[in-house]
A.B. asks: 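My structure is below; once you've seen it, I'll send some questions.
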Amino acid sequence: MAGAGDAQTRLDQIVQLIAAELHAEVCSCYLMRAGDILELFATVGLNPSAVHRTRLRVGEGLVGTVAASARPLALADAPSHPNFAYRPETGEEPFRSLAGVPLLRGGRVRGVLVIQHLRARNYSEDEMETLQTVAMVVAELASAGELVGAGEISTAGDAGVLQQRLAGIGINSGLAMGQAVLHRPRLTLSELVAEDPEAEFARFGEAVSTMHASIDVMVQQSREAVPGDTADILESYRMFARDRGWLGRIREAIAQGLTAEAAVERVQQDNRTRMAQVADPYLRARLDDLEDLTNRLLRHLSGKRSPIETALPDDVVLVARALGPAELLDYDRVRLRALVLEEGSPSSHVAIVARALDIPVVGRCAGALSRIEAGDPLIVDGDNGQVLVRPGEDLIDAAARAMATRADRRLSYQAMRDLPAVTRDAEPIQLCINAGLVIEMPQIADTGAEGIGLFRTEIPFMVRATYPDVAAQTALYSEVLEQANGAPVTFRTLDVGGDKTLPYFPAADEENPALGWRAIRIGLDRPAMLRIQLRALVRAAAGRDLRVKFPLIAEVAEFDDARRLLDRELARAAKEGIAPPSSVKVGVMFEVPSLLWQLDALLKSVDFVSVGSNDLAQYLFAADRNNPRVGSRYDPLSPAFLTVLDRLAERCRAARVPLSICGEMASRPLEAMALLGLGVRILSMTPRAVGPIKAMVRSIDSRQVGEFLKPLLSGRERSLRPKLRAFARDHGASIEDIALVR
Ligand code: PEP
Ligand code: MG
C-alpha cells in the first residue's frame with residue numbers, strides 16, 4: 001500500500017484494511033483541526049457523505065472523549081455511555097459497540113481512530129493493541145501535513161494537547177521560550193505500511209547484522225583503549241542489542257504489515273509507554289540503552305550515518321539525553337535559547353559551556369525525549385528547574401511578561417555600563433568577571449568590566465578529549481590575552497580533582513575528594529603538568545602583563561614551591577630567547593583556613609590575594625559545597641565568615657597587598673555590599689552580575705555599611721542577612737537578585 005496515491009487515499013485504504021483485519025463493520029478516522037475540532041476524514045461503514053462534514057469538539061461525544069482523555073476507550077454498549085452523541089448524518093445508529101484510540105504523537109493528540117460493531121461485544125487486548133499499532137501509523141500520516149496543513153496542526157489549541165510540566169534541576173538559571181529541537185532527532189518514517197513483508201524481513205535482518213558488527217568493533221576498540229568499567233558497560237550494551245525478546249517483537253510488528261522502520265519505532269513506543277511508570281534507575285537506564293539501539297537500528301535501516309538537523313527554528317530549545325560540550329557548540333549560538341537534558345549535572349561539561357553561552361539549563365529532566373516532540377513550544381525555567389511542554393496561552397503570556405521585565409532590567413543595567421563603579425562615599429570599586437572559555441571574552445566589553453579576575457584554566461581542559469600540550473595551551477592563553485585587548489586577566493592554574501575530572505586524567509578513587517588530591521596538590525605532585533601550563537602562560541604573555549594565581553594553597557611552602565616552578569619557566573623562556581612578560585604578578589587563591597595563621601609570611605611573598613569564598617566557606621564550616629543537605633546550611637553572611645574576611649582585609653590593607661573576592665559571594669548584591677563594608681575593593685563575578693553589582697556599588701556609602709556591620713560581627717546570630725537587608729532597605733541600597741536579570 002505504501003506510495004499508493006495521496007495521503008487521503010492512503011487514509012481511506014488504511015481504514016478499509018483495519019475494518020477487514022478486525023472484522024469490524026465500521027472503521028473511521030477523525031483528525032484534529034484548528035480550534036480543537038475533530039473532523040471525520042475517512043470511514044468505511046458510516047455514511048460516506050459524512051466525511052469532512054461530521055465534526056465534534058474535543059470532549060464532545062465518545063470520539064471527543066477519547067481525544068480529551070488521550071486514552072483508549074472500549075465499550076460493548078456505546079449508546080448507553082453518558083457521553084454518547086448521536087450524529088444522524090453518519091448513519092451510526094445500528095452499531096452498538098465501539099473502540100476508539102487516540103492518534104498520539106509526542107503527547108499531542110492528532111485525532112481518533114474508531115472501530116464499531118453491530119452487535120454488543122467486548123474488545124480483546126489483542127484487538128486494542130492492533131488498533132494502537134495502526135494508530136501510530138495514522139498519527140504519523142496525520143502529522144506529515146498533507147491531510148491537515150502543517151500550519152493548522154501547529155495552531156491547534158490546547159485541548160487534546162497534553163500540556164505537561166517536567167521537573168528537573170536548575171543547572172543554569174534564567175527563563176526562556178522556544179521550539180523543541182531534539183538533539184537525537186528520530187528519523188521521520190516515510191513508509192509505514194509495507195507491501196512486501198519478506199523484503200522488510202530481509203532489510204531488517206541485514207540492518208541487525210551490520211548493527212551487531214559495528215557494536216562488536218566498538219566494544220573491541222574500547223577493550224583495547226579503556227579496559228575496565230567502560231568496556232564492561234559496552235559489553236552489556238552489546239548483549240542487549242542481541243536481546244531476542246526485543247528483536248522478536250520487532251519481527252512480529254513487521255509480520256503485522258509494518259515496514260521495518262515503523263516496526264522498530266512501534267516497539268520502542270511500547271517500551272516507552274510501559275517504562276513510563278517505572279522508577280527503578282537500573283530499568284530506566286535499560287530504556288535509555290534501548291532508545292540508543294533503536295536510533296542505531298533506524299540509522300542502519302535508512303543508511304543515514306548521523307541525523308543532522310538542517311532547518312533550525314529561530315528560537316531553539318535543545319532537548320537531549322546527554323550532550324557533549326562540543327556538540328552544544330555545533331548549534332548556532334544566536335538561535336539557542338535554552339537546553340533541556342534528561343541527564344546532566346551542574347558540574348558537567350555541557351553545563352559549563354551553557355553557562356558560558358548564558359542560556360538557561362534544566363537537567364535531570366526524566367523522560368524529556370519521550371514526552372517532547374520536535375517543534376513543541378517549551379518554556380524553560382532554569383531558576384526552578386522546570387520545563388513546560390506545550391504550555392497554554394496563559395502560561396505563555398505569563399512567561400513572556402516575566403521575560404520582558406527581565407529584558408527591561410537588562411537594558412537599564414546596560415545603560416549603566418559605562419558609568420564608573422564608585423560608591424557614594426567616592427570609593428572606586430574594581431569590578432571584574434570570572435571566565436573559563438574564549439567564547440566568554442567578549443563579555444568584558446559587553447558588561448563594562450575591568451578585566452578577568454578569575455580565568456578558570458581547567459575549563460578548556462575539561463571540554464577537550466585529550467591533554468593539551470604546550471603549543472595548544474600557548475595558543476589558547478594567547479587568544480585569551482588577545483581578546484582581552486589590554487584588560488587584565490588573572491589566570492588560575494589547573495584546579496582539577498574533587499568534582500572536576502578530566503577525561504584523560506583518571507580521577508583518584510578517594511573517600512573524600514573535596515579534601516583529597518586536587519588543585520595545587522596535583523600540580524606539585526605532578527610538576528611536569530604544572531610546568532607545562534606555566535610555560536605556556538609565560539610564552540603567551542610575551543611582551544604583556546602576566547597574572548597567575550595558584551588554587552587551594554594550604555601553607556606558604558606550597559605557594560613558594562609553585563612560585564619556584566614559575567620562576568624556572570621564566571628563566572627557561574629567557575634562555576630560549578622568548579620575550580618575557582612585561583610584568584609578572586603572582587597571587588594565591590585564599591581557600592583553606594590554615595593560611596590565616598601564616599598571613600605574615602604569605603603577605604610578604606604574594607603580589608595579591610584572591611578569596612575563593614566558595615571553597616573557603618566549605619573548609620571553614622566543614623560543609624561540602626556540592627552536598628545539597630549541608631551546602632547552604634551555613635551563610636557566608638554569618639558573623640564567623642565575615643569576621644574571617646574582615647581580619648584578612650585588614651591585614652592585606654596593612655601590607656598593601658590587593659585583596660579580591662572571586663567566589664559566588666561577589667556576584668550577590670547583598671553579600672557584595674557587606675564585603676565593601678569590610679573594605680574589599682575588588683570583586684570578580686559571573687558576567688551577569690556586573691550590572692546589579694554596579695547598581696549596588698553606586699547606591700551605597702561603604703563607610704556607613706562598615707559602621708553598621710562591624711559591631712554586629714561579635715553577635716551570636718547565625719546570619720546577618722536580615723539585618724543587612726533591613727539596612728539596605730532603609731538606606732536605598734540596590735540589592736536586586738541577579739537571578740532576575742536573565
Ligand atoms: C571558589 O572556591 O570560590 C572559587 C572561585 O573557585 P571554584 O569555584 O572554581 O572552586
Ligand atoms: Mg575554589
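Order of listing sets the numbers, starting from 1, for every ligand and every atom in it. Here the structure is a predicted model, which is why all the values come from computation and not from measurement. Scope of the values below: all heavy atoms of this structure, side chains included, with no hydrogens, waters or symmetry mates.
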A.B. asks: Does Arg456, backbone or side chain, put an N or O under 3.5 Å from an N or O of ligand 1?
C.D. replies: yes
A.B. asks: State, with a plain yes or no, whether a side-chain heavy atom of Thr686 is found less than 4.5 Å away from one of Asn434.
C.D. replies: no
A.B. asks: Just go through Arg492, Glu458, Met665, Arg625 and tell me whose heavy atom is the nearest to atom 6 (O) of ligand 1.
C.D. replies: Arg492
A.B. asks: Salt bridge between Asp646 and Lys710, side-chain N to carboxylate O under 4.0 Å?
C.D. replies: yes
A.B. asks: Report the atom name of the nearest N/O/S atom of Asp615 relative to the Mg ion (ligand 2).
C.D. replies: OD2
A.B. asks: Between Phe461 and Tyr467 (judged by ring centroids, cut-off 6.0 Å), do the two rings come close enough to count as a pair?
C.D. replies: yes
A.B. asks: Do any of the N, O or S atoms of Glu591 sit under 2.8 Å from the Mg ion (ligand 2)?
C.D. replies: yes
A.B. asks: Can you spot which of Arg456, Lys549, Arg521, Arg518 makes a salt bridge (charged side-chain N to carboxylate O under 4.0 Å, His left out) with Asp495?
C.D. replies: Arg518
A.B. asks: In terms of side-chain heavy atoms, does Ser173 have a donor or acceptor partner in Arg688 at a distance below 3.5 Å?
C.D. replies: yes
A.B. asks: For ligand 1, note which part of Glu664 has a heavy atom under 4.0 Å away: side chain, backbone, both or neither.
C.D. replies: neither
A.B. asks: Heavy-atom contacts with Glu591 under 4.0 Å: which atoms of ligand 1 show up? List them by number with element.
C.D. replies: 1 (C), 2 (O), 4 (C), 6 (O)
A.B. asks: Looking at Arg653, I'd like to know if its CZ atom is crowded, meaning that more than 12 non-hydrogen atoms belonging to other residues, nucleotides or ligands lie closer than 6.0 Å.
C.D. replies: yes
A.B. asks: What part of Leu454, side chain from CB on, backbone N/CA/C/O, both or neither, has a heavy atom under 4.0 Å from ligand 1?
C.D. replies: side chain
